[in-house]
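Presented below is the structure to which this report refers.
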There are 2 protein chains.
Amino acid sequence: MARWEPNASGRLTEAAMELFAERGYGKTTVEDIAARAGLTERTFFNYFTDKREVLFAGSEHFVKQVVDAVRAVPKSSAPLDTVIWAYESTNDFFEERRPFARKRSALIAAHPELQERELVKMMSLAAAMAEILKERGTSASAASLAAEAGLAVLRVGFEQWVKDTKDRSLVFHLRAARRQLEAVVDRAKKGARAG
Amino acid sequence: MARWEPNASGRLTEAAMELFAERGYGKTTVEDIAARAGLTERTFFNYFTDKREVLFAGSEHFVKQVVDAVRAVPKSSAPLDTVIWAYESTNDFFEERRPFARKRSALIAAHPELQERELVKMMSLAAAMAEILKERGTSASAASLAAEAGLAVLRVGFEQWVKDTKDRSLVFHLRAARRQLEAVVDRAKKGARAG
DNA sequence: TACACCCATTGCAGTTTCTGTCATCAGGAG
DNA sequence: CTCCTGATGACAGAAACTGCAATGGGTGTA
C-alpha cells in the first residue's frame, strides 16, 4: 500500500479550482487549498513556485507539444501558416477537455492575477514559436510578427471556442479567426493606399 | 513652504528604478525603495497598490491619450489603421523620453514579475481599443483581431525602437512592423491557396 | 530478518508583501 | 484662532514565500 495518496499535484490543482470558484482567488489561502487536498502549505510550495502556478501545471508540456508540431511542418510553409497549423494540432487535446478548459478559462477571466500569469505563458509560447521560425530561416522581425499575429488568432479563436454554445471545434474557430485577421489586414492595406 | 518634499510618487519610481538596476527587483524590498525616496513603506503602498506598479505609474494617462487619439480618427478608416494611427500619435511622447524608456524597458525585460504586469497593461490597452472599434461599428471579432494585431505591431515596433542604434523615430519602426505584418499575412494567404 | 538508504511530506522559523486602522500635524478656509 | 483636509507615518496582523532540517514508510541489499 502506498504511503501517500497518489497525484498530489493534481489534487492540489483540483482543490484550488474548486475553492477559487467558491470563494474567489483572493479569499482562498494556500493553506485552504492544501488542506482540501489533504496536504500542507509547505507541500503546496514544493509543487508550485507560486500560488498562481497551480492553474498552469501542464504548460511546459503543452508548449513542447506545439513546438514539436511546428517541427513537423514543411519549411516551405509560410511562417503564419506554420504557427497556426501548430495551434490547430492541439485540437484533439482541447476537445477532450472542453468542460475543464471552460472552468479554467472562467476562473482566469475572473481574476487579474491569473490573467497576468496566463499572458506570460502565452507570450513565452509566442517567443518559442518565433525562435523556431528563425531557426527555419525566417527573418527575426517577420518571425516575431508571425508569432504574435498567430497568438492573436489563437486568443480570439480560443475565446470563441470557449463561448461557443454549438460546441464547434477549436480548428473551426481558429480558421474563422484567421480569415478575420486576413480581412482586417487586407482592408487596412487597401485603405492606406486609397487614403 | 511645503510641508513635504514634492512629487512623492515620482521620487518612489525613481528610487525603485535605481535600486532595481543596482540589485535587481527581487533583492530590493519596498522598505529600501521608500527609504531612498525619504519615505516609509506604508507611504509607498498609499501610492501604489503593488510593488510592481511603481514602474507603471502613468499608464492610465497613457491609455487615455491613445483612446482620445482614436476618437479623432475618421470612422471611415479601417480598424487596423485606426489602431496603428493611435499608436503613432504617441510618437512625440516617447521621443522626448527615449533614455527613460530604454532604462525602463531594460528593467522590465530583466524581470519576469514586471513583464507580467506590462503584458496586462498592454492587453487592457488592446481591450480598450477593441471596445472603441465596436462602438464605431466594427464587428466584435474584427475589433478584437484588429486590436490584437495592432498590439503585435506596437510590441515589435517598440522593441525595434528601443534597440535602434540609429535612433530612428517610433513612427518609423511602427510602419516597418506594419509592413511586415502585411507581408506575413499576405504570404500566408497565398500559401494557403496554393498548398 | 536486519540494516541502510531514499524521498515525499512536514514542521518551524524567518522575511517580505500587503491591509486596516488610527494618530499626527502643516497649511488653507472661514 | 479654529476647523478641516490631506499627506504621512506608526503599529499590528494576515498571507505569501524560502531555507533548513526532521520524519518515517518503502524499497533494496546483505
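Below, all heavy atoms of this structure are taken into account, side chains as well, without hydrogens, waters or symmetry copies. Labels below follow one simple rule: chain letters A, B, ... track the order of the sequence lines, proteins then strands, and each chain is numbered from 1.
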Any Lys/Arg nitrogen of Asp164(A) or Arg102(A) sitting under 4.0 Å from an Asp/Glu carboxylate oxygen of the other?
no
Quick one, which residues of residues 43-57 of chain A touch DNA chain D with a heavy atom under 4.0 Å?
Phe45(A), Thr49(A), Asp50(A), Lys51(A)
Ordered by number, residues from residues 4-12 of chain B within less than 4.0 Å of DNA chain D (heavy atoms) are Trp4(B), Ala8(B)
Gln160(A) side chain near Phe172(A) side chain, heavy-atom distance below 4.5 Å
no
Can a salt bridge be assigned to the pair Glu113(B) and Arg117(B) using a cut-off of 4.0 Å between side-chain N and carboxylate O?
no
Residues which pass salt bridge (charged side-chain N to carboxylate O under 4.0 Å, His left out) with Glu60(A), listed by chain and number, not counting sequence neighbours:
none
Point-to-point distance, once rounded to the nearest 0.5 Å, from CZ of Arg136(A) to OG of Ser76(A):
8.5 Å
Once salt bridge (Lys or Arg N to Asp or Glu O under 4.0 Å) is applied, what residue pairs with a partner in residues 8-20 of chain A remain, sequence neighbours excluded?
Glu18(A)-Arg36(A)
Whole angstroms only, please: what is the CZ-C1' distance between Arg3(A) and dT27(D)?
12 Å
Sorted by number, residues from residues 23-38 of chain B placing a heavy atom under 4.0 Å from DNA chain C are Thr28(B), Thr29(B), Val30(B)
Could you check how far CD of Glu41(B) sits from P of dT15(C), rounded to whole Å?
14 Å
Picking from dT24(C), dG11(C), dT21(C), which would you name as closest to the side chain of Arg42(A)?
dG11(C)
Could you pull out all residues at least two apart from Arg104(B) that satisfy side-chain hydrogen bond (donor to acceptor under 3.5 Å, both in side chains)?
none
Mind checking whether Phe94(A) and Phe158(A) have parallel, tilted or perpendicular rings, split at 30° and 60°?
perpendicular
Flag yes if more than 12 heavy atoms outside Lys103(A) fall under 6.0 Å of its NZ atom; otherwise flag no.
no
Does the side chain of Thr29(B) pick up a donor-acceptor pair with the side chain of Asp32(B) at under 3.5 Å?
yes
